Structures are given as structure tokens and as C-alpha cells.
Enquirer: 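Submitted below is the structure of interest, expressed as C-alpha cells.
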Amino acid sequence: MATKDEHAGRTVLEAATVTGAGDWLPNGPVRVTPADPRYAHLTTRGASNRFRGRPEQVYLVGSTAQVVRAVRESVRAGARLAVRSGGHCFEDFVDHPQVKAVIDMSPMREVSFDAARRAFVVEAGATLGEVYRKLYLGWGVTLPAGYHPEVGVGGHVPGGGYGPLCRLFGLVSDYLYAVEVVVVDRRGEARAVVASRERDDPNRELWWAHAGGGGGNFGVITRMWFRAPDATRDTEPASMLPAPTRTALTFTADWSWDGMDEEHFARLVRNHGEWAERHRGADDPQAALYAEFALTRRAAGSHLMLGQVTAEPGADRRLLDGFLDAVSAGTRRPAKLNVQRLPWLTAALRGSGEAVGDWHIKIKSAFLRRRLTDRQVAVLHRHLTRADTDVVGGSVVLNTYGGAVNTPSPTATAMPHRDSALKLSCLASWADPQWASAYLAWVRACYRDLFADTGGVPVPGEHADGAFINYPDTDLADPRWNTSGTPWQTLYHKANHARLGAVKARWDPRDVFHHALSVRAA
């Protein structure tokens, strides 16, 4: 129960809102300062170490009540505040030099079934791997979320997270039933609010904004509840979320650069894109296949494709063989192919198999309604084979997309990109900070030239459909790199931005929660 002191000067919260079953920091929040030996870990954990923050303190929180206290304390002190869930943000939204207080959600990892709300509840600090394990072992169900088990749900879900099951079942945000958020009102008072997708919920717009509008915009997410869009309170828990197949067929395939001329490269990329176009439909029978095709710099040696097929044994291999045949038609087959059929949970916890190390990463994204044009394929080949740079860790990744993702309307949730066949990422990753200038120059030039016809960015239109907010790229707000005349808000949120701005004005009127690409109040 909340104490009398906790209620002072703010709206009284229901006990069920401010307590957490998994609270193992009963005297929290714990304040970690730079002198504390825990500080280094808390300020560097995550996928990319390109940015290093120096907050005055990191709050470790174990319950919603502790988050309320941490937010209230920071607001009263006038300290700029940020929130870390998994630590996988690719820009400096958390590790910004002006951020003085960071709320670290990692102690809040509960995953269970909430009998009162009749939905699965997940605390914001839980990782995808923990969610997969607990949902599957407990009820035989899962969420169609990301490929990397270390990612935290607190940032992944509100950005419209996707992964190997998204073509079959949709985005993880499509299953968001309700969200608990610690918000700050116009007077500077912090309180927790629960918003659901129920039509009569007066807070419904806050739920809508968190179903694809991006993180760090409106408050601190503490808990989320999940239920399939067509499930009701009467649905049995084991039927409330998707049930994966018993096994998953995982695969990796390599196409060597040795002997690959521009003609064969172009044919390979076109084949892949045409397959994705043909199988983008919401009910496509090949939606069980998901693949990420990393087209690499020649110095890296070979192109890499990885993915999985979640279909019944026998059917899964036929799907994979048909896909590889289509991609390789008229050109070469992969020099190496590794295929394993694993228990589904084993595959989910293994993820993509990519190591998370001390890397510096810049990523730029685009949704593609059509395959890359022949001009774009030629641009891609030129940048991957340029001899005037020493960049090795540069790639353009093409992910199969669509399927069930394309079922909802662009306004059903805040995630507006509902008509794509592919998701493209231009990626640069380097280990030595001294290499940053060369790698940033390469990835920016490659992306700019790919979308030169639309001002260097993927303006929504016949071929492209904007960018992915979970892969934030501050260049889109920089007129040096975005000469399209289309604002970054449109690239990320399309027509939904005005509605997101109204949510921002109501729920964060003081703009406490902001970063370089945060929603602006209407």
C-alpha cells in the first residue's frame, strides 16, 4: 500500500497501481551516483556504446511507486530525466550530456497473468528473452516481438517492435491491451495512470499513442498488459496470445563476394525484392518465413542471410527451399547454408545469434512498398564496393516484412506503416571511436544516394513509406541530410503525428520527457 507521505500533494493512486509483485527493492528507489561501483555498468549496458552519458544519478526502481518517487524528485530538482529499459537505443536519447537523472527499469521484470485485468502483464524492465521463456513455459504462448532476446520491452513495444513471427501474427504493439505510465501534470506532480484500448476508457488515447508512437514521449512506462486484438475477458489465457509451432527451422546462408560481378549482385537483390513483393499480403501462405539479408561491404567477404521458418516439419523446409530457389534464380546459390530445426523456445532464446559487444552503431531505416529500383541497386553496389574508404563494417540489410503487419489500418494504432514488403536498414558498426568519422560518412552517403530521388530520405510514396521510430536517426531532422522538405515527424509517424501531438499536450504538458526526436505537443 502507498504510505501517507507518498499520497501527499498528488492524486491518490489505487494500491493495485502502485505496487508490484516483483518488487525486490523494498527501500527504493536506489540512487546510484558516479562514485558507486555499480555506476559504470548502469551507464554503459546495451547494444551500442557510441554515446556515453554522465548522469548525476541513476535510479534503480522496483515498483511503480518507486518510479513515481524518482520522477517527482527529478522534476522538483529541475533535472533532465531519461529512462533506460534494455539500453538498446541507437541515439543519445538516454546518454545525452544534459540528462542528469536516469531511471533504470531493469529490476522490474515481472511476467505473469493478471486475473483482474484478464491479460498478461509484463513489467517494463523485462527482456524479450524473459518474456518468451515465461509466456511459453507457463501457457504455451508468445508475443511476436524482436529477434534479440536482450532487448527490453519498455522501449521495444511502444515503437512497434517486430521480429521473426511478425509476418504471421503482426507487431508486438498490436497485442498491447493496456499500459501503465507515470506522467507529470502541469503543476509538476507525478502520478501513475493506466490506459487501455477499451472504447469507453477516458485514457484510451494514451494507450493508442504507446502502440507504435515510440518511447520516451509521454512518461515512464512501468507495466504493459497484452491480449490478442480479438480476445476478450472470457478468453482462456492459453488462447489470449499466439501459440508458436512446436519447432522453428533456423537458417544462415552466405553468398561470397568472390567472383560476384555487378550483374549477379543486381539479380540477387532484385530476386529477393520481388519475392518480398509477391508475399507481402496479410494472408500470404508464406508468411511463416522471415529473413534478414545483410548485403555487406566487399571487404567483409560475403553477404549473410539469416532467419527462421515457423511452420510444421516438412512444410518448413519446402518454404525455405522455395525461397532460396527464388532468390538464387539466374545467379548463384549460397556458398554456405546451415539449417537447424530447433524447439521453438530454444530458437527464440538463441535469437539471431549475433553477439552484442562494445560496438559503436549508426543505423538508418526505411520501409519499402516495392523492391529497390534498378537505380538504387546500382547505388548500393557502388557503395558496397567503393575503394576510397577503409570501412569494413558497413551493410544494407533487407528484412522481409508485411504479412499480418499489413492487416490493421494505419490509424488503428500509432504505428502507421501498414503497407510494406521490406524493411531496409543502412548500418555502420565500428569498434574504435577514432573510426567514427569514416563510418558515419559512409553510411550517410549510402542512405542519401539510395533515396536521392526524394531528397535523401524515404518520403512516403509509391516506393517508400517513411522510417522506423525504433531505429531513431537524428539525421532525418537535419537539413544537411534531409533535403526533401518532408519533416522527420512525417517520415516516422505520417498522418498520425498530429494526433500524437494532442496526446503529448494532455499527458506531458511540461515536456518533461523529451529527446531529439520526441513527439512535439500540438
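What you see is a predicted model, and the numbers here were worked out from it, not measured in a lab.
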Enquirer: Pair Arg167, Val405 - check side chain to side chain contact (heavy atoms under 4.5 Å, CB included), show working.
Expert: CA-CA 6 Å; Arg167 285 168 42 80; Val405 176; 5.7 Å; no
Enquirer: Grab the two heavy atoms, one from Thr250 and one from Ala347, that are nearest each other, plus how far apart they are.
Expert: CG2-CB, 3.9 Å
Enquirer: Met240 and Arg118: which non-hydrogen atoms are nearest, and at how many Å?
Expert: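 For Met240 and Arg118, the tightest heavy-atom pair comes out as CE-O, 3.2 Å.
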Enquirer: Would you compute the distance between atom OG1 of Thr142 and atom OH of Tyr132 and round it to the nearest 0.5 angstrom?
Expert: 6.0 Å
Enquirer: Between Asn496 and Trp208, is any pair of side-chain heavy atoms under 4.5 Å apart?
Expert: yes
Enquirer: Tell me, with the steps shown, if Val220 and Phe513 meet side chain to side chain contact (heavy atoms under 4.5 Å, CB included).
Expert: CA-CA 8 Å; Val220 182; Phe513 305 97; 3.6 Å; yes
Enquirer: State, yes or no, whether a side-chain contact exists between Leu398 and Val269 at a heavy-atom distance under 4.5 Å.
Expert: yes
Enquirer: If you compare all heavy atoms of Leu500 against all heavy atoms of Ala209, which two are closest, and at what distance to 0.1 Å?
Expert: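 So the two residues come closest at CD2-CB, 3.6 Å.
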Enquirer: Give a yes or no on whether the backbone of Gly86 and the side-chain of Arg45 come within a donor-acceptor separation of less than 3.5 Å.
Expert: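 Between the backbone of Gly86 and the side chain of Arg45 there is a qualifying donor-acceptor contact (under 3.5 Å).
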Enquirer: Tell me, do Val172 and Val153 make a side-chain contact under 4.5 Å, heavy atoms counted?
Expert: no
Enquirer: With a 4.5 Å limit on heavy-atom distance, are the side chains of Phe251 and Met305 in contact?
Expert: yes
Enquirer: Is a salt bridge present between Arg84 and Asp95, judged by a nitrogen-to-oxygen distance below 4.0 Å?
Expert: yes
Enquirer: Among Ile363, Leu450, Asp473, which one satisfies side-chain contact (heavy atoms from CB on, under 4.5 Å) with Cys426?
Expert: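 Single pass found, and it is Leu450.
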Enquirer: Mind running salt bridge (Lys or Arg N to Asp or Glu O under 4.0 Å) on Asp419 and Arg280 for me, showing each step along the way?
Expert: CA-CA 8 Å; Asp419 187 32; Arg280 63 187 289 179; 2.8 Å; yes
Enquirer: With rounding to the nearest 0.5 angstrom, report the NE2 to CG distance, His272 to Leu295.
Expert: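 The CG atom of Leu295 is 8.0 Å from NE2 of His272, to the nearest 0.5 Å.
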Enquirer: Side chains of Trp255 and Ser328, heavy atoms from C-beta outward: is any pair under 4.5 Å?
Expert: yes
Enquirer: Is there a side-chain hydrogen bond (donor to acceptor under 3.5 Å, both in side chains) between Asp114 and Trp225 once you walk through the steps?
Expert: CA-CA 8 Å; Asp114 184 338; Trp225 288 264; 2.9 Å; yes
Enquirer: Any donor-acceptor pair under 3.5 Å linking the side chain of Thr222 with the backbone of Glu180?
Expert: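 Checking the backbone N and O of Glu180 against the side chain of Thr222, a donor-acceptor pair under 3.5 Å is found.
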Enquirer: For a quick check under 3.5 Å, do Ser239 and Glu236 share a side-chain donor-acceptor pair by atom type?
Expert: no
Enquirer: With side chains defined as the heavy atoms from C-beta onward, is the minimum distance between Met105 and Glu123 less than 4.5 Å?
Expert: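 No, too far: nothing below the 4.5 Å cut-off.
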Enquirer: Is the backbone of Thr486 close enough, under 3.5 Å, to the side chain of Ser484 for a donor and an acceptor to pair up by distance?
Expert: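 Yes.
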Enquirer: Count the heavy atoms of every other residue, nucleotide or ligand shown that sit under 6.0 Å from CZ of Arg246, and state whether that count exceeds 12.
Expert: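 No, CZ of Arg246 has 12 or fewer neighbouring heavy atoms, counting only those of other groups under 6.0 Å.
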Enquirer: Quick one: closest heavy-atom pair of Ala145 and Pro164, and the distance?
Expert: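 Where Ala145 meets Pro164 most closely, the heavy atoms are O-CD, 3.8 Å.
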Enquirer: Atom CD1 of Ile221 and atom CG of Leu176: how far apart are they, to the nearest 0.5 Å?
Expert: 8.0 Å
Enquirer: Strictly below 4.0 Å, N to O, side chains only: are Arg418 and Asp174 in salt-bridge contact?
Expert: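 A salt bridge is present here (some side-chain N lies under 4.0 Å from a carboxylate O).
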Enquirer: Got a donor-acceptor contact below 3.5 angstrom from the Arg233 side chain to the Ala116 backbone?
Expert: yes
Enquirer: Would you mind reporting whether Lys494 and Asp465 have side-chain heavy atoms less than 4.5 Å apart?
Expert: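 Yes, side chains in contact.
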Enquirer: If you compare all heavy atoms of Leu319 against all heavy atoms of Pro285, which two are closest, and at what distance to 0.1 Å?
Expert: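 Closest approach of Leu319 to Pro285, heavy atoms only: CD2-O, 4.4 Å.
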Enquirer: Relative to each other, are the rings of Tyr290 and Tyr147 parallel, tilted or perpendicular (30° and 60° limits)?
Expert: perpendicular
Enquirer: Roughly how far, to the nearest 0.5 Å, is the CZ atom of Phe323 from the NE2 atom of His279?
Expert: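 If I round to the nearest 0.5 Å, the distance is 9.5 Å.
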Enquirer: Calculate, to the nearest 0.5 Å, the distance between atoms CZ and OG belonging to Phe218 and Ser518 respectively.
Expert: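 Taking CZ in Phe218 and OG in Ser518, the distance rounds to 9.0 Å.
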Enquirer: Ignoring hydrogens and geometry, is there a side-chain-to-backbone donor-acceptor pair from Tyr175 to Phe169 under 3.5 Å?
Expert: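 Yes.
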Enquirer: First locate atom CG of Asp321, then atom CG of Asp316, and finally report the distance between them rounded to the nearest 0.5 Å.
Expert: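 Rounded to the nearest 0.5 Å, the CG-CG separation comes to 9.5 Å.
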Enquirer: Judged by atom type as modelled, is there a donor-acceptor pair below 3.5 Å linking the side chain of Arg369 to the main-chain atoms of Gly461?
Expert: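 Answer holds: yes.
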Enquirer: Might you confirm whether atom CZ of Arg133 has over 12 heavy atoms from other residues, nucleotides or ligands at distances under 6.0 Å?
Expert: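 Atom CZ in Arg133 is not crowded, with 12 or fewer foreign heavy atoms closer than 6.0 Å.
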Enquirer: List the atom of Ala126, the atom of Val111, and the distance in Å for their closest heavy-atom pair.
Expert: CB-CG2, 4.2 Å
Enquirer: Do you know which of Tyr401, Phe367, Phe468 makes ring pair (Phe, Tyr, Trp, His ring centres under 6.0 Å) with His417?
Expert: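 Testing each of Tyr401, Phe367, Phe468 against His417, the sole residue satisfying ring pair (Phe, Tyr, Trp, His ring centres under 6.0 Å) is Phe367.
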Enquirer: Looking at His156 and His88, would you say the former's side chain and the latter's main chain have a donor-acceptor pair under 3.5 Å?
Expert: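 Checking the backbone N and O of His88 against the side chain of His156, no donor-acceptor pair under 3.5 Å is found.
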Enquirer: In plain terms, say whether Asp284 and Arg278 are close enough for a salt bridge, that is, a side-chain N and a carboxylate O under 4.0 Å apart.
Expert: no
Enquirer: Step by step, would you call Glu205 with Arg499 a salt bridge (Lys or Arg N to Asp or Glu O under 4.0 Å)?
Expert: CA-CA 9 Å; Glu205 284 295 278; Arg499 188 171 169 187; 2.7 Å; yes
Enquirer: Between the side chain of Glu262 and the main-chain N/O of His381, is any donor-acceptor distance below 3.5 Å?
Expert: no
Enquirer: Please test Trp139 against Leu241 for side chain to side chain contact (heavy atoms under 4.5 Å, CB included), starting from the C-alpha separation and ending with a verdict.
Expert: CA-CA 9 Å; Trp139 296 271; Leu241 293 177; over 6 Å; no
Enquirer: Considering residues, nucleotides and ligands other than Asp261, do more than 12 of their heavy atoms fall under 6.0 Å from its CG?
Expert: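 Yes.
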Enquirer: Given side-chain hydrogen bond (donor to acceptor under 3.5 Å, both in side chains), test Arg350 with Gln340 step by step and report yes or no.
Expert: CA-CA 12 Å; Arg350 182 176 296 182; Gln340 284 186 290; 3.1 Å; yes
Enquirer: Are any side-chain N or O atoms of Thr247 and backbone N or O atoms of Arg341, one a donor and one an acceptor, separated by less than 3.5 Å?
Expert: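 Checked: no pair found.
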Enquirer: For the residue pair Phe120 and Phe113, is the inter-centroid distance of their aromatic rings smaller than 6.0 Å?
Expert: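 Yes; Phe113 has its ring centre under 6.0 Å from that of Phe120.
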Enquirer: Which class fits the ring pair His360 and Trp430: parallel under 30°, tilted 30 to 60°, perpendicular over 60°?
Expert: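 Parallel, since the angle between the ring planes stays under 30°.
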Enquirer: Step by step, would you call His148 with Leu128 a side chain to side chain contact (heavy atoms under 4.5 Å, CB included)?
Expert: CA-CA 7 Å; His148 298 275; Leu128 296 183; 5.8 Å; no
Enquirer: Taking the side chain from Asn482 and the backbone from Leu476, do they hold a donor-acceptor pair closer than 3.5 Å?
Expert: yes
Enquirer: Does some side-chain heavy atom of Thr400 sit less than 4.5 Å from a side-chain heavy atom of Gln286?
Expert: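 Not in contact.
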Enquirer: Thinking salt bridges, do Asp475 and Lys362 make one under a 4.0 Å N-O criterion?
Expert: yes
